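First the structure, in the form of structure tokens, and then the observations on it.
Please read these numbers as outputs of a predicted model, since none were measured by experiment. In listed order, ligands and their atoms are each counted from 1.
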Amino acid sequence: MIRTMRRRIAILTGGGDCPGLNAVIRAATKAGVHLGYDVIGIKRGFEGLASPFQAIELNIENTANILDQGGTILGSTNKGRFSAKVGVNEARAVPQELMDDVRKNVEDNQLDGVICIGGDGSLSIALQMHQMGVPVVGVPKTIDNDIAATAFTFGFDSAVACAANALDRLHTTAASHERVMVLEVMGRHTGWIAVHAGLAGGGDVILIPEIPWEIENVCEKITQRKAMGRPFTLIVVAEGAQLPDGGQMTLAPVSEHQQIRLGGIGQWVADQIQERLNTETRCVVLGHLQRGGAPTYFDRCLSTQFGAHAVRLIEEGRFGEMVCFEPPNISSVPIAQAVQRLSTVDPSSSIIQAARALNISFGDTPHFQNPFPNSQVQAATRVEKFNRS
Ligand code: F6P
């Protein structure tokens, strides 16, 4: 095949969708075109890179007006034939013949760089492609915000806005009817959405996978609020929050290539409260509403920077790297490093301390406790105890 002189890059979106994908596609296309690349978009995630190769031309015209559009104009597939994971207790490779097929298509279509936009699963596939010599760069995407190498993934802020808005709405109806409202939000391994939405939306109890909790403490909090003249309570629970036996609530049986579907913990919490306190309790599962719709302005700005800097990585020949947000700048890290561990909420972090200072319960203690380790009050109490002993 005769090599054309024009350089060519491809963009693909892998795994579950999230707000901001189209903003990345638009930014990478615009930056690519301005830097002299031909740009194509791979359809249906990694599936489109395998045979039959499925791609469309991307240009300034057909990426106009998608900055604020949810979803992905390229489509995506979650798991299926392309299911991989490295690090974080899993080592699963995409079958070799599928990867060989992908490499051949990349060569035949004269791609100088492939921008893979995805979460830790898709980035693991991208890493395997890189290890086979495919010129890949990564862009971190997930509403869950659980990729450790970046301060924030795009999509997270939009999901938090959706969940906080739901809490605002639940607040008024909870107060009117003196009810307990339980909001189940996404977050497979982490409680980032629950914590940020809980703070932004005035939650009273936040239950997350990172902090073991007990239903008795949740009930105690509701009782205390009632005693203080607050006859309603807002509870936010992450879908991945663990049950007392350490297990997670799951929805449907899993097939070999599908991830376990989480869900049901919100209803479980609501049922327990209703039964134990005989107080009217309702559960709302926000589900995929968090993944749809327009990205927030923060996400549009972050996605746009990620898209432009993904093209920079290709320009600089930094294959196997992923763009990341190191406030205030966009930087990059090896994808291999990015998929090694998940970002989880640190129970001693300042955001958890702030929440505890507001008497928000994480279900781990029955009563308020001073969260600030260097607090003068605590120091004084310690001295007093010492003097008494
Ligand atoms: O990983 C992001 C996420 O939104 C999780 O929080 C959730 O468990 C999962 O996707 C659901 O994905 P799907 O329904 O597309 O399989």
Considering only the protein, which heavy-atom contact is closest to atom 2 (C) of ligand 1, and what is its distance?
Asp144 OD2, 3.5 Å
With heavy atoms of Ile143 as the reference, note each atom of ligand 1 found under 4.0 Å away.
4 (O)
Has Leu262 got any heavy atom lying under 4.0 angstrom from an atom of ligand 1?
no
Within the distance-only criterion (no hydrogens, no angle test), does the side chain of Asp112 pair as donor or acceptor with the backbone N or O of Arg8 below 3.5 angstrom?
yes
Closest to atom 3 (C) of ligand 1 among protein heavy atoms sits Arg291 NH1, 3.7 Å
Taking side chain to side chain donor-acceptor pair (under 3.5 Å) as the definition, give me every residue that meets it alongside Thr296, ordered by chain and number, with sequence neighbours left out.
Asp157
Quick one: nearest non-hydrogen protein atom to atom 7 (C) of ligand 1, plus distance?
Glu239 OE2, 3.2 Å
Measure the distances from the heavy atoms of Gly119 to every atom of ligand 1 and state whether one is below 4.0 angstrom.
no
Does a donor on one side chain sit under 3.5 Å from an acceptor on the other, for Ser343 and Asn145?
no
What protein heavy atom sits nearest atom 14 (O) of ligand 1, and how far off is it?
His288 NE2, 2.8 Å
May I ask you to test the Cys162-Leu286 pair for a side-chain heavy-atom distance under 4.5 Å?
yes
Does NZ or CZ of Arg225 fall inside the cone over Phe232's six-membered ring, less than 6.0 Å from its centre and within 45° of the axis?
yes
Arg188 N/O to ligand 1 N/O under 3.5 Å:
yes
Could you find the nearest protein heavy atom to atom 4 (O) of ligand 1 and give me its residue, atom name and distance?
Met186 SD, 2.9 Å
Given Ile40, Ile25, Ile9, the one that forms side chain to side chain contact (heavy atoms under 4.5 Å, CB included) with Leu58
Ile25
Considering only heavy atoms from C-beta outward, does the side chain of Asn62 approach that of Asn59 to under 4.5 Å?
yes
Please output the side-chain donor-acceptor pairs of residues 193-202 that fall under 3.5 Å, not counting sequence neighbours, one pair per line with the distance.
none

I need the atoms of ligand 1 closer than 4.0 Å to a non-hydrogen atom of Gly187, numbered in the order shown.
6 (O)
Counting only heavy atoms closer than 4.0 Å, does ligand 1 sit against the backbone of Gln290, its side chain, both, or neither?
neither
